[in-house]
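To start, the structure itself, in structure tokens.
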Amino acid sequence: MRRFLPYGRQDVGGEEIRRVRDVLESDWLTQGPRVPEFETALATACGAAHAVAAANGTLALWLAYRAVDLGPGDRFIVPATTFVATANAGVMCGAEPVFVDIDPDTLTLDVARTEAALLADPRIKAIVPVHLGGRTADLPALKRLADRHGAVLIEDACHAIGTRWQDEGGAWHRVGDGSHGALTCFSFHPVKSITTGEGGAVTTNDPELAARLARLRTHGITREPERLERQDGPWYYEMHELGLNARMTDMQAAIGLVQLRKLERLKRRRLELVQRYDRALARVPGLRTQARPEPDDTCWHLMIVRTEARDGLHAALAGAGIGTQVHYYPVHLQPWYRRRFGTGPGQCPVAEAYYRQALSLPLFPTMTEAEQSRVIKAVRRHLAPGPRTVVPALAGADGDRGPA
Ligand SMILES: Cc1ncc(COP(=O)(O)O)c(C=O)c1O
């Protein structure tokens with residue numbers, strides 16, 4: 001019996017286990033010394049001045065939205081194709097999402113439609129592009145729009161830790177470096193490129209925003225002497241705004257410190273696997289992949305393919321013991337959003353058409369070349385039955401050139 005192949009799997013080993021054990025044997029289980037260490041390492045990895053860790057990516061988004069005072073009466077732009085959390089976190093702040101369609105090639109926020117939405121609605125306070133699958137949205141164009149319309153750019157980079165991208169002038173940027181988004185949000189859920197179990201963070205170059213994120217993460221409480229109304233004693237703190245407990249634990253941060261050190265290696269492996277998928281699937285009739293930037297230094301979180309035969313392909317792969325996933329059913333079609341905000345079919349036709357064709361194939365760093373060949377052969381068998389062809393090897397690797 002062949003082992004089931006999941007669509008994603010974390011790469012956690014002995015070093016992470018040792019670091020968590022160290023925390024368990026220490027005095028700090030909740031936020032202690034490992035959290036600020038992780039924040040410094042994350043800020044350095046992203047090239048940002050500040051990182052504020054959170055319990056998960058959803059709370060990272062909530063903190064970012066609250067830090068810019070997104071609230072009742074405000075609207076914020078999110079792509080229709082994203083995980084519900086991108087929109088939910090803003091609705092939790094009292095704001096209303098404006099769902100904008102995606103670009104059919106990059107699968108990220110469509111710039112022209114974003115501009116049309118901004119022109120139509122002066123209440124839009126934030127633009128929240130999602131770097132779907134790890135690929136960045138058109139950040140320079142979105143930043144220009146945000147500046148022109150007095151909106152703030154907040155990046156949902158929950159898929160994109162580790163991605164580097166090149167702008168029109170040839171300069172390279174790291175996701176989370178604060179060069180475009182005022183705030184960038186990450187998730188470290190186990191299917192993501194690095195994990196802390198549950199976990200998230202926000203990076204920024206603005207010290208005021210960083211301090212506010214940190215306060216909101218702890219119930220809106222401050223102990224900073226210059227902010228206090230009274231000085232009753234060392235026990236004394238004040239709550240100046242309504243926050244939550246959105247803190248990461250030292251156990252999570254300890255895992256994250258090890259994972260961050262592995263990030264470059266994990267990213268290289270993901271890129272190799274994606275490039276091999278692209279070569280092997282290039283001539284499969286009716287199959288499309290997500291557009292790749294050139295040159296490509298993306299930390300690919302997902303291997304998304306599109307085919308009219310999506311349902312059949314999903315069933316065929318499941319029958320062959322291969323797990324897949326669909327990212328995502330458009331958020332404006334979710335029953336709660338339809339009821340609450342009157343959204344519905346036809347509003348974002350590209351996202352709706354994409355959804356019917358989308359399938360994410362297995363992609364994770366510990367996936368072997370043989371496992372990937374199994375997927376490639378199963379895809380080809382279903383979509384391109386016919387003469388046997390050769391599955392190309394991983395770049396720089398030998399072997400596994402067996403017939404399809
Ligand atoms: C695009 C996107 N935004 C937000 C989130 C929320 O992150 P978390 O699951 O860590 O709360 C996720 C993760 O699932 C995501 O994929």
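In each ligand, atom 1 is the first atom listed, and ligand 1 is the first ligand listed.
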#### Entry: Evaluation steps, ring-ring contact (aromatic ring centres under 6.0 Å, His included), between Tyr337 and Phe99
CA-CA 10 Å; Tyr337 278 97; Phe99 295 103; 5.4 Å; yes
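- For OH of Tyr237, the number of neighbouring non-hydrogen atoms (other residues, nucleotides, ligands) closer than 6.0 Å is 12 at most.
- Checked against Asp278 for a salt bridge (charged side-chain N to carboxylate O under 4.0 Å, His left out), the options Arg283, Arg292, Arg288 give a single hit: Arg292.
- Tyr277 pairs by the ring-ring contact (aromatic ring centres under 6.0 Å, His included) definition with nothing, not counting sequence neighbours.
- Cation-pi geometry between Arg270 and Trp300 is not met at under 6.0 angstrom from the ring centre and within 45 degrees of the axis.
- Ligand 1 lies under 4.0 Å from heavy atoms of Asn56, Gly57, Thr58, Leu61, Thr82, Phe83, Ala85, Thr86, Val130, Asp156, Cys158, His159, Ser187, Lys192, Gly199, Tyr328.
- Under the 6.0 Å distance and 45° angle rule, Arg310 counts as a cation-pi partner of Tyr355.
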